[in-house]
Amino acid sequence: DLDARRQAEPAQLVEAAKTYGIALFVQNHAFTCGSLGYFAARRHSTLALSWLVFVSLTFYAWWNPWHLPLIIASIAANFLIGERIRATRLHKRQWLIAGIAANLTLLGVFKYARFAVESVNAATAGTLALPSLALPLGISFFTFTQIAYLVDTARDEVNDSNPLHY
């Protein structure tokens, strides 16, 4: 009876996820495999960090593979802006402002585009089409984490230019 219930639980979770639009990563041993890969390679830090990046991006893509290019582009852009901030003294503030603005724009498009269109339609009795944008998993978290990185870089608190450490 207990074995039958254990086998039914993942199927019920998947059905609940489909019903409520919740993304679930239901492979029982995926986290364990990712962790073991890291610990097995940790003596070689580049290999271990590369493995963590790969597993993290795979986990992120599991929910919606179409959002993977978005997070990769965001990570790359913020890393490059951070490098520009570190490389210049004259235009440090401008690069910081541009980076923060780009991050907040990305967040605004995905979180508030629908609200903005609905507000304009309500105020003007308009019929603008409502965008159907799926909210990328963790967009607020990674947006504010990247803003914090840019601010720390502008304060000269980041001295490492290795993308794996970013």
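Under the 4.5 Å side-chain contact rule for hydrophobic residues, Ile97 and Ile100 do not share a cluster. Under the 4.5 Å side-chain heavy-atom criterion for Ile, Leu, Val, Met, Phe, Trp and Tyr, Tyr112 and Ile139 are members of distinct hydrophobic clusters.
In this structure, CG in Leu150 is found 12.0 Å from CZ in Arg155, a value given to the nearest 0.5 Å.
Checked against side-chain contact (heavy atoms from CB on, under 4.5 Å), Ser119 has the following partners two or more places apart in sequence or in another chain: Phe115. Taking Ala113 as the reference, Pro131, Leu133 meet the side-chain contact (heavy atoms from CB on, under 4.5 Å) condition, with sequence neighbours excluded. In terms of the salt bridge (charged side-chain N to carboxylate O under 4.0 Å, His left out) criterion, residue partners of Asp156 (sequence neighbours excluded) are, by chain and number, Arg89, Lys92. With sequence neighbours left out, the ring-ring contact (aromatic ring centres under 6.0 Å, His included) criterion links Phe144 to no other residue.
No donor-acceptor pair closer than 3.5 Å links the side chain of Asp152 to the backbone N or O of Glu157. Looking only at distances, no side-chain donor or acceptor of Thr88 sits under 3.5 Å from a matching main-chain atom of Arg84.
Across Thr153 and Arg86, no two heavy atoms sit closer than the pair CG2-CG, 3.2 Å. Considering all non-hydrogen atoms of both residues, Val117 and Ala129 come closest at CG1-O, 3.5 Å. Closest of all the heavy-atom pairs between Val120 and Leu128 is CG1-CD1, 3.7 Å.
Residue pairs meeting the salt bridge (charged side-chain N to carboxylate O under 4.0 Å, His left out) criterion with at least one partner in residues 113-135, sequence neighbours excluded, are Arg114-Glu118.
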Side-chain donor-acceptor contacts of residues 64-82 below 3.5 Å, not counting sequence neighbours, with atom names and distances?
unit_1	atom_1	unit_2	atom_2	d
Asn64	OD1	Trp66	N	3.0
His67	NE2	Ala134	O	3.4
Ser74	OG	Gln146	NE2	2.9
Asn78	OD1	Asn103	ND2	2.7
Asn78	ND2	Ser74	O	2.8
Asn78	ND2	Asn103	OD1	3.2
Asn78	ND2	Gln146	OE1	3.2

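For Phe59 and Trp62, the ring centers are positioned 6.0 Å apart or more.
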